[in-house]
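Indexing begins at 1, ligand by ligand and atom by atom, following the structure's order. Just so it is clear, the model here is predicted, and its values are computed rather than measured.
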Amino acid sequence: MKSFSKSFTQQESLPERAIDAATAVMRTGRLHRYNTLPNELSETDHLEIEFAKYMGMPYCLACSSGGYALHIAMRAAGINKGDKVLCNAFTLAPVPGAIHNSGATPILVDVGSDYKIDFDDLELKAKTSGARFFMLSHMRGHIADMDRVVQLCKQYDLFLIEDCAHTMGASWKGKKSGTFGDIACFSAQTYKHINSGEGGFLISPHDEIMARAIMYSGSYMLFDRHQAAPNKETFENIRYETPNYSGRMDNLRAAILRPQVQALDEQCERWNIRYKLLEKVLSQSVHISLPERSVDEEFVASSIQFSLLGFSSQKIKQCVKDCLDRGVVIKWFGASEPQDYTSRYDSWRYIEQMPALPKTERILSTLLDMRIPLTFSEGDCELIAEIIVDVVEACLLKEESAL
Ligand SMILES: *Cc1c(COP(=O)(O)O)cnc(C)c1O
């Protein structure tokens, strides 16, 4: 019986250029972003300039984590206590957490069978909930029809925040994910597309929103040192009105991220090569349904999702276990108990008035998820997919009672 032995949580080492840059910063001792020599730009300044340029956006703020970026995005958007924020129910815990942190209430929206936001439910809740904000999480890199998203936001006057934790480097119809909304946030946490352990970015085309975000991040009265930022005049009142929620990026992490931003597109291609191999082998089983991906969606597949339609919870659990026994680590989004990184929406019990989401519940009940670390070779991916196919086929043959 085939089995697999590599770790699903082993990252590639950082590029040598990143290691050299980190050493150089440590030699200076100037790790704080504002600790610069006269006329010197810090590593953090350079990182912001370079990420803004990569995104084709005027402004960028680097900060301490993706979840932190989401929180100050809400604050900079002017969200107040009691405001309602539309948000897909299929996302990870930091997203509703950031909404809660800003004093607002998440209004969870159904997910469709393509794992993207369900437009009917979105429109219904945009009409009836009174929400003025929409936090769209491009969960696991699945990008909804952004033309439709933008049109709905216009129609219902929704302020759009994109959570791009899984779409850094991805595009919709050639336009980068994160450039459709009023604000977009990214993560540089180890399991995302660039790795500084912890880290995040916030981008926005709006002057005042960006100025507020910079003040929130803990820029003191050094805001005019920011390069990928609106001009000084924008801060005239904002600097008095905005509290300091200290969550800056530091030069050590910025130094290791800069070479990774340069290499991002190349890494994205490597993920997609692996995804296509997995997809090809998995699709040999009629019991495994993979989402059909729109040609408009230039996704980055740092993970893969598929559904075992018609499988009972018991059978799914058995498949996950049998895969694990053969070294293949798969997660199930339908588990009723939150585990590791994944939790189903109904475990976020701090959310008052949890809506009934029968569609999401049904879709999550057969939805499986697997990471694709770049330490896996193309051959590894084929082997993994073969094991999954074997397990699923074998599981179907077993009697329910025998499980
Ligand atoms: C990781 C993640 C975040 C938050 O990023 P951190 O940097 O870990 O705070 C937000 N949204 C999604 C979907 C994520 O996976």
Side-chain angles (χ1 to χ4, degrees), residues 8-9 11 47 51 60-75 77 85-102 104 106 108-109 111 115-117 133-144 160-170 177-178 181 183-203 213 216-217 245-250 253-254 256-257 260-261 264 271 299-305 331 333 338-345 347-348 351 360 364 367 369-373:
F8 275 71
T9 51
Q11 308 306 312
L47 174 66
F51 192 69
C60 171
L61 170 71
C63 54
S64 56
S65 76
Y68 178 85
L70 290 171
H71 170 225
I72 62 168
M74 319 240 78
R75 298 284 181 174
V85 181
L86 296 162
C87 170
N88 13 350
F90 175 42
T91 185
L92 288 183
V95 180
I99 297 172
H100 184 267
N101 199 8
S102 67
L108 299 181
V109 178
V111 67
Y115 315 145
K116 300 169 188 174
I117 194 118
F133 303 90
F134 176 25
M135 167 89 87
L136 175 60
S137 187
H138 303 297
M139 180 60 175
R140 287 294 189 260
H142 298 277
I143 307 173
L160 176 62
I161 299 171
E162 289 180 80
D163 166 24
C164 301
H166 303 160
T167 54
M168 185 188 277
S177 179
I183 305 182
C185 299
F186 299 83
S187 170
Q189 185 250 68
T190 293
Y191 298 112
K192 311 300 163 83
H193 298 177
I194 54 177
N195 172 14
S196 58
E198 303 288 353
F201 295 100
L202 182 156
I203 60 170
Y216 276 126
S217 77
Y245 289 169
S246 207
R248 292 169 300 272
M249 167 67 66
D250 60 86
R253 281 185 286 168
I256 64 175
L257 287 174
Q260 296 183 67
V261 171
L264 177 59
W271 266 304
F299 60 88
V300 179
S302 46
S303 64
I304 187 165
Q305 291 70 44
K331 305 283 177 188
F333 279 115
Q339 226 183 12
D340 299 338
Y341 292 96
T342 43
S343 53
R344 204 169 62 187
Y345 64 91
S347 69
W348 307 326
I351 300 180
T360 304
L364 297 186
L367 174 53
D369 175 52
M370 192 187 86
R371 265 194 195 125
I372 313 179

Atom 9 (O) of ligand 1: the protein heavy-atom neighbour that sits closest, reported with distance to 0.1 Å: G67 N, 2.7 Å

Out of curiosity, K116 NZ to L136 CG, how far, rounded to the nearest 0.5 Å? 11.0 Å

In ligand 1, which numbered atoms sit nearer than 4.0 Å to a non-hydrogen atom of D163? 10 (C), 11 (N), 12 (C), 13 (C)

Check whether any N or O atom of A165, backbone or side chain, sits under 3.5 Å from an N or O atom of ligand 1, and answer yes or no. no

Please report the closest heavy-atom contact between R140 and L92, naming both atoms and the distance. NH1-CD1, 3.9 Å

Tell me the protein heavy atom at minimum distance from atom 15 (O) of ligand 1, and give that distance in Å. H166 NE2, 2.6 Å

When you measure from the heavy atoms of K192 to every atom of ligand 1, does any distance fall below 4.0 Å? yes

Just jot down the ligand 1 atoms closer than 4.0 angstrom to any heavy atom of S187, in number order. 5 (O), 6 (P), 7 (O)

Quick check: closest heavy atoms across G178 and C164, and the distance to 0.1 Å? CA-SG, 3.5 Å

Taken to the nearest 0.5 Å, the spacing of M370 CE from S303 OG works out to 9.0 Å

Heteroatom distance test (L92, ligand 1): nitrogen or oxygen, under 3.5 angstrom: no

I want to know whether W271 and H193 have ring centres closer than 6.0 Å. yes

Give the residue, atom name and distance (to 0.1 Å) of the protein heavy atom nearest atom 8 (O) of ligand 1. Q189 NE2, 3.5 Å

Quick check: do R371 and T9 have side-chain heavy atoms less than 4.5 Å from each other? yes

